[in-house]
> 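Provided herewith is a single structure, encoded as structure tokens, for subsequent inquiry.
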Amino acid sequence: MTARAVTKSFERDRGGFAPPLRVLDLFSGIGGFSYGLERAGPFRTVAFCEQDAFCQAVLRKHWPDVPIYDDVRALNFGGEVDVITGGYPCQPFSVAGKQKGAADDRHLWPSMFEIIKHKRPRWVVAENVAGHIAMGLDEVLFDLEGEGYTARPIVIPACAVDAPHRRDRVWIVAHADRAGQCTGQRAGQNDRNEARHDAGRRGADVAHASGTRGAAGLPRQDEGQKGIAEKPDDRSHRRHGWSASDNWATEPSVGRVAHGVPNRVDRLKALGNAVVPQVVTQIGRAILAAEGA
């Protein structure tokens, strides 16, 4: 079932109740944000912004009626939006790179922030690597708070939705009321510390890209850690229809190396850059609960 079919099915089940929240999906990749939100309920993507040709082809296949822009620095979408999402480039903050931060020409948070200031959505949902917490996160939070948003960062790993690997990511959820006024206290150092420590709470024995023990007590790869994802304490995703067997089942008769897969390199790159839609779905459900939908 396509993402748009999921949304239409939900609207039929709800009897068309409440208009969907309009989503402007920046740095869209293969549509993980939009698919995850549309699985959560009445969200409707009104525009994408993505420059990669392969990812654009994927977006056109699943959202054929949604326009795609290719430059976040010159986006001229004229419609109103309720939600802006974006996994802005991680290279300036990633431990796999040189960590130049704002000095990196791929530092595109300022461009995303300009769009947020112009469009004034009620909700902003952003995502980046965990290394962003130590470099650049304060800038993002201060920018959002300065525009009247209440912003909170939290680390949610893929194993929180039963994926068999950690994939720590920092998620920033920001909210403003219809007048653009701050709806809560400003985020402080405690919120940043909470995000720093949150990554080490779950998934001690799942696959993890880091081979060293960090401050949060993450296991070394040479300590013989084995097994699948630790079961998260919050089972709400199971109650709403997500389950590990549905989402993370292995493909039968597929060896360790796949031969003859069309666009294999492009697919691997796109998947590596993608957000985990199941995490986005949980965030979407929280947004709908806050909206009273």
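Note that the structure is predicted; figures quoted are calculated from it, not measured.
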> Does some side-chain heavy atom of Lys119 sit less than 4.5 Å from a side-chain heavy atom of Ile84?
yes

> In plain terms, say whether Lys117 and Glu147 are close enough for a salt bridge, that is, a side-chain N and a carboxylate O under 4.0 Å apart.
no

> What's the verdict on side chain to side chain contact (heavy atoms under 4.5 Å, CB included) for Asp70 and Gln56, showing C-alpha distance, side-chain angles and the deciding distance?
CA-CA 9 Å; Asp70 61 6; Gln56 288 182 356; 3.8 Å; yes

> To the nearest 0.5 Å, how far apart are CG in Asp138 and CD in Glu145?
9.0 Å

> Give a yes or no on whether the backbone of Val23 and the side-chain of Thr45 come within a donor-acceptor separation of less than 3.5 Å.
no

> May I ask whether Val275 and Val58 are part of the same hydrophobic cluster, defined by side-chain heavy atoms of I, L, V, M, F, W, Y residues being less than 4.5 angstrom apart, directly or through others?
no

> With a 4.5 Å heavy-atom cut-off, do Leu21 and Leu288 have their side chains touching?
yes

> Which heavy-atom pair separates Pro121 from Ile116 by the least distance, and what is that distance?
CD-O, 3.6 Å

> Do Asp25 and Leu37 come within less than 4.5 Å of each other through their side chains, counting heavy atoms only?
no

> Can you find a pair of side-chain heavy atoms, one from Ser28 and one from Leu59, that are under 4.5 Å apart?
yes

> Report yes if the distance between the aromatic ring centroids of Tyr88 and His132 is under 6.0 Å, otherwise no.
yes

> Ion pair present between Arg122 and Glu291, side-chain N to carboxylate O less than 4.0 angstrom?
yes

> Measure across Thr85 and Val83 and return the closest heavy-atom pair with its distance rounded to 0.1 Å.
CG2-CG1, 3.9 Å

> Does Glu80 come within less than 4.0 Å of Arg22, counting only side-chain N to carboxylate O?
yes

> Keeping the roles fixed (side chain from Glu127, backbone from Val170), state whether a donor-acceptor pair exists under 3.5 Å.
no

> Does the pair Arg152 and Trp171 meet the rule for a side chain to side chain contact (heavy atoms under 4.5 Å, CB included), with working shown?
CA-CA 8 Å; Arg152 290 292 183 269; Trp171 300 81; over 6 Å; no

> I'd like to check the side chain to side chain donor-acceptor pair (under 3.5 Å) partners of Asp143; sequence neighbours left out, ordered by chain and number.
Trp109

> Rounded to the nearest 0.5 Å, what's the gap from CD on Gln278 to CD1 on Ile283? Could you check?
12.0 Å

> Is there a path of hydrophobic side-chain contacts, each under 4.5 Å between heavy atoms of I/L/V/M/F/W/Y residues, joining Ile115 to Val140?
yes

> Could you check whether the rings of Trp123 and His175 sit parallel, tilted or perpendicular, using 30° and 60° as the cut-offs?
tilted

> Exactly one of Leu144, Ile172, Leu141 should register a side chain to side chain contact (heavy atoms under 4.5 Å, CB included) with Tyr149. Which one does?
Leu144

> Do Leu26 and Met112 make a side-chain contact, defined as non-hydrogen atoms from C-beta onward lying under 4.5 Å apart?
yes

> Just wondering, do Phe77 and Val46 contact through their side chains at under 4.5 Å, heavy atoms?
yes

> Check each of Phe33, Tyr69, Trp63 against Phe48 using the ring pair (Phe, Tyr, Trp, His ring centres under 6.0 Å) test, and report the only one that passes.
Trp63

> Just verifying a value: how many Å separate Asp65 CG and Arg60 CZ, rounded to the nearest 0.5 Å?
12.5 Å

> To the nearest 0.5 Å, what is the distance between CZ (Phe113) and CG (Leu108)?
15.0 Å

> Between Phe27 and Gly87, which heavy-atom pair has the shortest distance, and what is it?
CB-O, 3.6 Å

> Restricting to non-hydrogen atoms, name the atom on Ile156 and the atom on Ala160 that form the minimum distance, rounded to 0.1 Å.
CG2-CB, 3.9 Å

> Taking all non-hydrogen atoms of both residues into account, name the closest pair between Val72 and Ser111 and its distance.
CG1-CB, 4.0 Å

> So, do Gln51 and Asp71 sit near enough that their side-chain heavy atoms are less than 4.5 Å apart?
no

> For a 4.5 angstrom cut-off between non-hydrogen side-chain atoms, does Ile30 reach Cys55?
yes

